[in-house]
Amino acid sequence: MSKTLPVQKNDYIDVVFEDLTHDGAGVAKVDGYPLFVPNGLPGEKAKIKVIKVNKGYGFGKLIETYEESPYRVKATCPIYKECGGCQLQHLSYEGQLKAKEKQVKDVLERIGKLENVKVHPVLGMKEPWRYRNKAQVPVGEQEGGLIGGFYQQRSHQIINMKECIIQQEKNDEVVQAVIEICSRYGVRAYDEGRHKGDLRHVMTRYGLVTGEVMVVLISRTNDLPHKKKLIEEIISRVPGIKSIVQNVNPKKTNVIFGDETKVLWGEEVIYDFIGDIKFAISARSFYQVNPEQTKVLYEKALEYADLSGEEKVIDAYCGIGTISLFLAKKAKKVFGVEIVPEAIEDAKRNAELNGITNAVFAAGEAEAVIPKWYEKGNSADVLVVDPPRKGCDEALLKTIIEMKPKRVVYVSCNPGTLARDLRILEDGGYKTVEVQPVDMFPQTTHVESVALLTRKIQN
Ligand code: SAH
């Protein structure tokens with residue numbers, strides 16, 4: 001017999017929100033049954049309408065708020081609701097940081113079964129706006145001209161957007177200039193339905209420290225009308241322009257980039273600094289989007305690594321070698337591993353660029369390469385991991401447990417998989433000493449954390 005649920009579809013009920021989901025909806029519970037309600041904030045009393053019930057959870061709609069959270073604010077951005085790129089603008093920044101700290105704590109307890117782990121208050125930004133160094137803007141048409149904007153939530157409709165307040169102002173200016181120039185020269189926007197037209201996306205990247213700008217035009221075919229003129233005008237309109245790149249994506253897909261990338265003008269890369277390390281960034285490289293907080297994150301990782309200059313360090317999931325190069329300055333030797341071969345090429349180039357000779361890089365799966373190193377008798381004193389959202393592969397965790405590095409520094413963009421992996425490492429003889437969340441993406445629900453683990457018994 002199926003158990004009857006405590007609520008039915010279309011019920012109107014009064015609730016108190018207890019929590020936020022990882023996508024920013026309020027969570028209310030009726031006899032333990034969770035209901036997810038967009039726009040509800042923890043502590044708020046409200047009337048909701050139940051709009052969908054599943055076996056283990058349901059969804060509701062906020063009808064009326066009786067008591068507002070002291071952290072509720074009016075969203076700063078006029079297109080906050082339509083866009084969906086940010087999820088927490090209706091929560092004050094102080095409230096956001098508290099919510100993220102609680103999220104990390106709760107998940108470590110619930111999923112990782114880690115009691116009393118020290119989770120520090122989230123390291124936030126002084127000015128939690130205008131932080132992104134990269135814009136990727138879909139192009140549409142309106143009244144015969146081009147517009148750059150965003151896809152309306154759950155649709156393919158492009159809405160015009162002149163500015164995005166979590167974006168560096170420079171990127172907004174560059175995108176607007178490029179779109180205006182392309183529009184004037186009769187470039188047509190890509191039409192998804194008919195798979196016709198020219199320009200699909202405009203991407204810009206801005207080196208915060210160097211002031212260098214890259215523009216990437218992502219087009220359906222190799223041809224762009226008046227290409228030479230477009231380039232000339234972009235050069236004359238955009239101060240700091242160092243690189244204009246075209247990426248061709250002929251496919252019927254919502255993946256932004258195609259396989260072919262070519263430089264139309266200037267350099268193949270722009271440069272930027274994190275701290276005193278210089279990075280070359282190409283159109284397709286992964287590079288953290290919040291440079292100010294990246295420095296905070298890496299400094300914390302470095303502090304946890306606690307290097308004296310004698311250590312061998314492995315940096316797994318190393319990307320273009322960003323963390324590896326920070327580590328290399330303080331370690332005897334660093335081994336970086338990353339699955340994308342182009343990123344490894346970038347990592348090698350970045351090491352050279354900074355005169356760093358004690359960092360070596362290998363392309364491959366961390367869970368394949370590191371066990372092989374270990375089998376050959378190579379170990380590490382300190383191991384750093386910075387995996388994607390799905391966390392570390394079990395084979396890698398197993399090798400870490402066998403290898404017994406003195407310290408493991410775990411950089412994570414997903415508290416759920418962090419908690420799961422910390423549990424495995426704890427069971428394998430490690431102790432989670434402390435966790436420091438860092439706010440890399442203010443106004444959104446994302447939270448990054450760095451955890452320090454040491455061996456329970458030093459052997
Ligand atoms: N540490 C870097 C990159 C972190 S992002 C930085 O801070 O910039 C995570 C990286 O893991 C990505 O570069 C991704 O390509 C890589 N990756 C994903 N799966 C992997 C695997 N199985 N083995 C090694 N690297 C992997």
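Given the structure is predicted, the values throughout are model-derived calculations rather than measurements. Each ligand, and each atom within it, is numbered from 1 in the order the structure gives.
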| message | Ignoring hydrogens and geometry beyond distance, is a side-chain donor-acceptor pair present between E426 and T432 at under 3.5 Å? | response | yes
| note | Near Y298 (heavy-atom distance under 4.0 Å), the atoms of ligand 1 are 6 (C), 7 (O), 8 (O)
| task | Of the side chain and backbone of V340, name the one, both, or neither that has a heavy atom under 4.0 Å from an atom of ligand 1. | result | side chain
| task | Mark up the atoms of ligand 1 that fall under 4.0 Å of a heavy atom belonging to T322, in ascending order. | result | 2 (C), 6 (C), 7 (O), 8 (O)
| Of the choices R389, K390, E338, which has the non-hydrogen atom that lies closest to atom 13 (O) of ligand 1? | E338
| query | What atoms of ligand 1 come within less than 4.0 Å of a heavy atom belonging to E365? | reply | 23 (N)
Would you mind writing out the side-chain donor-acceptor pairs for residues 367-392 within the sub-3.5 Å range, not counting sequence neighbours?
{"unit_1": "Y374", "atom_1": "OH", "unit_2": "E402", "atom_2": "O", "d": "3.1"}
{"unit_1": "D381", "atom_1": "OD2", "unit_2": "K312", "atom_2": "N", "d": "2.7"}
{"unit_1": "R389", "atom_1": "NH1", "unit_2": "C413", "atom_2": "O", "d": "3.2"}

| request: Do me a favour and list the nearest non-hydrogen protein atom to atom 11 (O) of ligand 1 with residue, atom name and distance? | output: Y317 CB, 3.5 Å
| query | Under 4.0 Å from ligand 1, counting heavy atoms only, is it the side chain of C318, its backbone, both or neither? | reply | backbone
| query | Is there a donor-acceptor contact under 3.5 Å linking the side chains of T454 and Y430? | reply | no
| said: Under a 4.0 angstrom heavy-atom cut-off, which atoms of ligand 1 come close to Q288? | reply: 6 (C), 7 (O), 8 (O)
| For the student: nearest non-hydrogen atoms of Y298 and I323, plus distance | CE2-CG1, 3.4 Å
| note | Residue, atom and distance of the protein heavy atom nearest atom 22 (N) of ligand 1 read E367 OE1, 3.1 Å
| So, T21 versus D23: side-chain donor-acceptor pair below 3.5 Å or not? | yes
| message | Below 4.0 Å, non-hydrogen atoms only: which portion of F286 touches ligand 1? Side chain, backbone, both or neither. | response | side chain
| said: Within the structure, is a non-hydrogen atom of P388 found at a distance of less than 4.0 Å from ligand 1? | reply: yes
Show me the side-chain donor-acceptor pairs of residues 78-88 shorter than 3.5 Å, one per line, residues at least two apart or across chains.
{"unit_1": "Y80", "atom_1": "OH", "unit_2": "Q87", "atom_2": "O", "d": "2.8"}
{"unit_1": "Y80", "atom_1": "OH", "unit_2": "L88", "atom_2": "N", "d": "3.3"}
{"unit_1": "Y80", "atom_1": "OH", "unit_2": "Q89", "atom_2": "N", "d": "3.1"}
{"unit_1": "Y80", "atom_1": "OH", "unit_2": "H90", "atom_2": "ND1", "d": "2.8"}
{"unit_1": "Q87", "atom_1": "OE1", "unit_2": "T445", "atom_2": "N", "d": "2.9"}
{"unit_1": "Q87", "atom_1": "OE1", "unit_2": "T445", "atom_2": "OG1", "d": "3.3"}
{"unit_1": "Q87", "atom_1": "NE2", "unit_2": "G84", "atom_2": "O", "d": "3.2"}
{"unit_1": "Q87", "atom_1": "NE2", "unit_2": "G85", "atom_2": "O", "d": "3.1"}

| message | At less than 4.0 angstrom from any non-hydrogen atom of A366, what atoms of ligand 1 do you find? | response | 21 (C), 23 (N), 24 (C)
| said: Counting non-hydrogen protein atoms only, what is the nearest one to atom 17 (N) of ligand 1? Give residue, atom name and distance. | reply: I339 CG2, 3.6 Å
| field | Option from Q167, Q168, E163 for which side-chain hydrogen bond (donor to acceptor under 3.5 Å, both in side chains) with R130 holds | value | E163
| message | Nearest 0.5 Å, please: how far is CE in M214 from CG in N133? | response | 12.0 Å
| query | In the protein, which heavy atom is nearest to atom 1 (N) of ligand 1, and how far is it? | reply | D386 OD2, 2.8 Å
| note | Which of K98, K105, Q103 passes side-chain hydrogen bond (donor to acceptor under 3.5 Å, both in side chains) with E101? Answer is K105
| field | Sub-4.0 Å heavy-atom contact, G364 with ligand 1 | value | yes
| note | Distance col, row W129:CH2 vs Q443:CD, nearest 0.5 angstrom, shows 3.5 Å
